[in-house]
Number of protein chains: 2
Amino acid sequence: MAETARRTDNRYGNRPTMKDVAARAGVGLKTVSRVVNGEPGVTPDTERRVQEAIDALGFRRNDSARVLRKGRTASIGLVLEDLSDPFYGPLSRAVEEVARAHGALLINGSSAEDPDREQELVLALCARRVDGLVVIPAGDDHRYLEPEIKAGVATVFVDRPAGQIDADVVLSDNFGGARDGVAHLIAHGHRRIGFIGDMPRIHTAAERLRGYRTAMEAAGIPVEEAWTSLGVTDPQRVRRAAEAMLSGPSPVTAIFTGNNRVTVTVVRVLAEHSRPVALVGFDDIELADLLQPGVTVVAQDSAQLGRTAADRLFHRLDGTLALPERVELPTRLITRGSGELPPAS
Amino acid sequence: MAETARRTDNRYGNRPTMKDVAARAGVGLKTVSRVVNGEPGVTPDTERRVQEAIDALGFRRNDSARVLRKGRTASIGLVLEDLSDPFYGPLSRAVEEVARAHGALLINGSSAEDPDREQELVLALCARRVDGLVVIPAGDDHRYLEPEIKAGVATVFVDRPAGQIDADVVLSDNFGGARDGVAHLIAHGHRRIGFIGDMPRIHTAAERLRGYRTAMEAAGIPVEEAWTSLGVTDPQRVRRAAEAMLSGPSPVTAIFTGNNRVTVTVVRVLAEHSRPVALVGFDDIELADLLQPGVTVVAQDSAQLGRTAADRLFHRLDGTLALPERVELPTRLITRGSGELPPAS
DNA sequence: CCCGCATCTGACAACGTTGTCCAGGCCCTA
DNA sequence: TAGGGCCTGGACAACGTTGTCAGATGCGGG
């Protein structure tokens with residue numbers, strides 16, 4: 001009978017609460033709270049009794065209630081394009097490590113390059129009251145974030161700038177990297193150089209194209225319409241674009257690829273191609289050094305991007321930073337052979 | 001004066017609450033709740049007034065409070081080894097997609113192959129009251145999860161089984177895949193075959209080694225001590241292990257590598273090696289088809305692993321499933337050349 | 001022996017939301 | 001026109017935790 005009553009106390013499937021622990025230990029609610037949070041002012045004997053009750057009941061503090069009371073969630077959100085892209089994996093991991101160092105958890109979501117989905121995710125994270133947000137934007141209008149930022153959600157944009165609002169942003173030197181990569185091809189004698197990149201509405205794609213154009217212009221080479229192709233990065237489209245550039249009356253002798261996925265596909269196309277074609281790609285790719293020839297790339301450090309952004313975010317949470325800033329990280333040209341091929345006669 | 005008073009109502013840095021919205025719209029608290037949640041029983045006119053107040057104040061529902069009240073967080077946790085590993089990126093993404101389809105967010109954490117950190121992460125997620133957990137275990141004792149599971153946290157283990165508890169688990173056929181991969185090498189005339197794998201305490205590593213031994217035994221080949229090497233997968237150790245196998249009085253003529261990271265390093269070692277050495281690796285790797293020779297692999301579909309696990313998890317949350325089950329997904333041998341090299345004489 | 005103080009403990013309110021329940025107003029019918 | 005039913009809106013409690021504050025307990029000094 002007493003057994004039954006006791007069992008009914010902690011309803012099946014319901015977690016024990018501090019109240020249950022307090023009842024079992026024969027102490028007050030607040031004392032349990034003190035023990036759970038390691039606050040001082042509890043005699044060792046009381047603490048032991050409470051701890052025993054906690055272990056016996058399998059009590060675990062409910063962080064939702066805690067958050068509600070304290071206002072901080074100790075979690076940050078990361079919205080990126082696609083976690084399965086090898087560019088974003090290390091970035092996410094780097095953000096997680098910084099968060100961990102600050103005792104925070106990371107919630108991340110993939111926008112799949114869809115602005116609506118980005119907004120949906122960001123607002124869902126805000127509803128969870130994340131302390132901060134790291135966003136790799138898919139859209140180009142982030143005014144919807146203004147009330148959140150004003151309400152104290154620290155926000156840092158990475159890889160691409162925010163649209164229509166003033167916020168911290170951490171970028172790679174997309175323009176300079178692409179310019180130098182293309183200049184590298186020009187220095188090896190190429191003039192007919194193709195550019196295959198992501199959709200033009202994506203900031204990085206536009207910047208890299210600008211770098212390409214600038215390098216060409218600096219060398220006095222007029223860019224022909226047929227040499228540039230921007231669009232989705234799925235293999236089919238990229239393959240068609242590459243094949244188009246490589247055929248026709250005056251084919252390109254070199255290609256600059258706008259990101260890792262494009263590079264991978266173009267490497268495949270070139271492997272099937274009879275003439276050697278020079279290649280420089282934006283983003284490093286695994287095993288690039290073992291291909292024949294090795295793939296020359298403009299490498300950006302995605303982990304460093306993530307780390308820098310997360311550091312900024314936590315500085316902002318500490319109240320250290322004031323004005324939004326724009327940080328630009330350098331890229332690095334890694335020569336491995338493919339960019340040093342001379343133009344086929 | 002009135003202005004000042006109004007401003008003080010929503011203290012700076014504090015979010016507006018339903019109370020604030022209700023006051024501004026001149027309605028009751030519950031009416032706001034109804035509008036926010038799309039519940040019926042509100043006249044269009046009232047709804048409009050409430051919506052205007054929401055927009056004007058930039059109100060966003062506090063999900064912590066909601067969770068506290070409702071008991072469900074609509075979020076699941078994923079604990080894996082390292083998000084930056086190309087094997088786990090797609091897995092995480094797949095879990096996220098399933099979660100999204102069920103209206104849930106994904107919180108993930110990297111255990112860095114450290115059992116303590118795994119436990120710390122898992123318990124932190126439980127404190128947030130995630131509805132479910134997908135765990136790629138680093139440790140081999142998960143009894144600490146028992147109270148959580150009993151309390152209703154749906155839990156599915158992936159890639160490796162749980163230790164000391166009975167729980168759902170989704171695995172690849174590590175044993176069969178490795179056995180078939182090694183048999184493939186044997187079929188091409190190899191007898192002196194090396195195995196380089198991850199630390200023996202990791203289930204997948206042990207199973208793959210067992211597959212290797214079984215294949216060798218089936219062919220009547222006694223395995224020499226020097227042919228197997230298990231340990232951390234950092235390039236230095238793997239490189240030393242490979243070089244040791246390839247030198248000495250009777251070097252191996254083929255190597256079976258136990259996961260993607262080992263394969264990458266061994267490919268590098270073999271590229272510098274004079275004699276051709278056959279290679280079959282567990283896990284597919286990007287660009288493996290473009291190397292000379294292409295790398296033959298035993299591929300597992302990490303996205304499918306994640307999807308399967310997440311599906312199971314949500315089935316369990318729906319209360320559809322009863323007993324824990326063990327699901328094993330097949331692997332696929334992809335021949336590309338490196339596994340078909342004949343033994344060097 | 002009693003008072004005062006320090007130390008430890010517990011009652012209570014509050015965080016922002018949702019579920020329950022009731023009040024009031026409206027319309028329809030007899 | 002009165003009565004009944006239906007529909008909308010609001011007051012209130014509860015979720016589990018933490019901060020505040022006051023009460024209890026014990027000990028030492030006067």
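This is a predicted model, so every value here is computed, not measured.
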What is the nucleic acid contact for [X], judged by heavy atoms within less than 4.0 Å: base, sugar-phosphate only, or nothing?
{"X": "A:N37", "answer": "sugar-phosphate"}
{"X": "B:G41", "answer": "sugar-phosphate"}
{"X": "B:V67", "answer": "nothing"}

Take the protein atom [atom1] of [X] and the nucleotide atom [atom2] of [N], then report the distance between them rounded to whole Å.
{"X": "B:L57", "N": "C:dG16", "atom1": "CG", "atom2": "P", "value": "14 Å"}
{"X": "B:D63", "N": "C:dC15", "atom1": "CG", "atom2": "P", "value": "19 Å"}
{"X": "B:I54", "N": "C:dT17", "atom1": "CD1", "atom2": "C1'", "value": "13 Å"}
{"X": "A:L68", "N": "C:dG16", "atom1": "CG", "atom2": "C1'", "value": "5 Å"}

Looking at [X], does any N or O in its side chain come under 4.0 Å of the phosphate oxygens OP1/OP2 on [N]?
{"X": "B:S64", "N": "C:dT17", "result": "no"}
{"X": "B:T43", "N": "D:dC7", "result": "no"}
{"X": "B:T31", "N": "D:dG10", "result": "yes"}
{"X": "A:K19", "N": "D:dC15", "result": "no"}

**Study point:** Parallel, tilted or perpendicular: rings of A:F314 and A:H102 (30°, 60°)
**Key:**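 Geometry flag for A:F314 against A:H102: parallel rings.
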
**Study point:** Closest listed nucleotide, where the reference is the side chain of B:R66 and the choices are C:dT17, D:dC15, C:dG19
**Key:** C:dT17

**Study point:** Proximal nucleotide (of C:dG19, D:dG9, C:dG16) relative to the B:E39 side chain
**Key:**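 Out of C:dG19, D:dG9, C:dG16, the nucleotide with an atom closest to B:E39's side chain is C:dG19.
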
Point to revise | Donor-acceptor pair under 3.5 Å, B:K30 side chain vs C:dG19 base | key: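 Counting by modelled atom types and ignoring angles, a donor-acceptor contact under 3.5 Å is found here.
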
Check your understanding: Ignoring hydrogens and angles, are the base of C:dG16 and the side chain of B:R61 linked by a donor-acceptor pair under 3.5 Å?
Key -> no

Practice item. Count the heavy atoms of every other residue, nucleotide or ligand shown that sit under 6.0 Å from CG of A:D140, and state whether that count exceeds 12. Key: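 Counting other residues, nucleotides and ligands, CG of A:D140 stays at 12 neighbours or fewer.
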
Check your understanding: Could you walk me through whether A:D131 and A:T73 pass the side chain to side chain donor-acceptor pair (under 3.5 Å) check?
Key -> CA-CA 6 Å; A:D131 298 335; A:T73 54; 3.2 Å; yes

**Study point:** A:R48 versus A:Q51, side-chain donor and acceptor atoms under 3.5 Å
**Key:**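 Note: A:Q51 and A:R48 side chains miss the donor-acceptor criterion.
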
Check your understanding: So, A:S92 and A:E96: side-chain donor and acceptor under 3.5 Å apart, yes or no?
Key ->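 Not at all, the side chains of A:S92 and A:E96 share no donor-acceptor pair under 3.5 Å.
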
**Study point:** Closest-nucleotide ordering on DNA chain D, the 5'-leading residue of B:R34 and A:K70
**Key:**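 This one resolves to B:R34.
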
Exercise for review: Hey, which sits more toward the 5' end of DNA chain C by its nearest nucleotide, A:R129 or A:V27?
Suggested key: A:V27

